[in-house]
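Quick note: residue numbers are just sequence positions, from 1. In this text the structure is predicted, and so the values were computed from the model without any measurement. All ligand and atom numbering here is 1-based and tracks the order in the structure.
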Amino acid sequence: MRAILFDAGNTLLHLDYPWLAALARRLGARASADDLGRATAEVSRMGWPAPKMQRRPTEFFEGYFGAIAEAIGLGAAAQRTFARAVEAEHLGTREGMWRRAAPDASAVLATLQARSLLLGVVSNSDGRVEEQLAAAGLRNAFGTVVDSYVARVEKPDPRIFRLALDRLGVGAADACYVGDLLGVDVEGARAAGLVAYLYDPWDVHPELREGRVRSLTALLSLAVAKEPSS
Ligand SMILES: [Mg+2]
C-alpha cells in the first residue's frame, strides 16, 4: 500500500454535533451531541446524501438535515427551521458545518505521513473543502485534495478516484480509500479498483463483517500492515 485516500465530510471532518444539538434543543428536541451523531449516521445509512444533490444546496439541506431533524424527533415545521439554520451557518461561515476534525484524524495522518504514505482527499463538495480542511488543521497532510465541484465529476464515478491517484502518481492496486457512505464512497472506490473501507464510528452497518472501520485509527493496522510495494 503506497497511498490512502480519504473522504472528507463525516469521515475526516465531522459535523459540528454540539452546535447542531444546541439548535435542536432551541427548537424543542431533547438531543445531545451524541444523539445528533447517531441520527446523522442513520440518515446516511438510508442513502443520504444522494449524489448530485449537492448541486442544489437548498434541496440538499432541506432533505438531508430535515431527515436528521426528523430522526431526533422534531416535527415538520421545526425540521424546516433546523435545515434552514444549518444551511445559513454552512454557507455563511468559512469553516462550514463540517468543521470538527475526527477525534483521531491528526494523530492518524501524522502516523501515516511518518510511514511515507501518500495521502489524498476525494470529496463531493461545493468548492470549499480544501479551505475547510485547512481551517480544521488537516490540509497539509495531503498531497492532493480533489473537490467534486472543482473537478466536475463526483463520487461514485470512478474517474474522481483515478484523478486523485494520477495526481499522487499511484496506481489503484497500491491504494485504498475510506469513506462513510456505502453507495458513494465504498462502491465508487471499488469500481475504480481500490481497496475500500467503510468508516462507521456509530456502528450503523454491523452486518458488514469486512471492509469496515469504527475509527480512523483502525485503518492503521489494516492499511499499513502490508509493506509498501515499490
Ligand atoms: Mg462523507
Checklist entry - Which value, rounded to the nearest 0.5 Å, describes the distance between Arg38 atom CZ and Glu42 atom CD? => result 9.0 Å

Item to check | Test item: Leu198 and Leu208 side chains (from C-beta on) under 4.5 Å apart, heavy atoms | outcome: yes

Checklist entry - Within a radius of less than 6.0 Å around CZ of Arg159, do more than 12 heavy atoms belonging to other residues, nucleotides or ligands occur? => result no

Checklist entry - Nearest 0.5 Å, what's the OH-OH distance between Tyr197 and Tyr177? => result 14.5 Å

Checklist entry - When you check the gap from the basic side-chain N to the acidic O, do Asp157 and Arg162 get nearer than 4.0 Å? => result no

Checklist entry - side chain to side chain contact (heavy atoms under 4.5 Å, CB included) between Met97 and Trp19: does it pass, once the steps are laid out? => result CA-CA 9 Å; Met97 203 67 251; Trp19 188 94; 3.3 Å; yes

Next on the checklist: For the Mg ion (ligand 1), which protein N/O/S atoms fall under 2.8 Å? Skip waters.
Outcome noted: Asp7 OD2, Gly9 O, Asp180 OD1

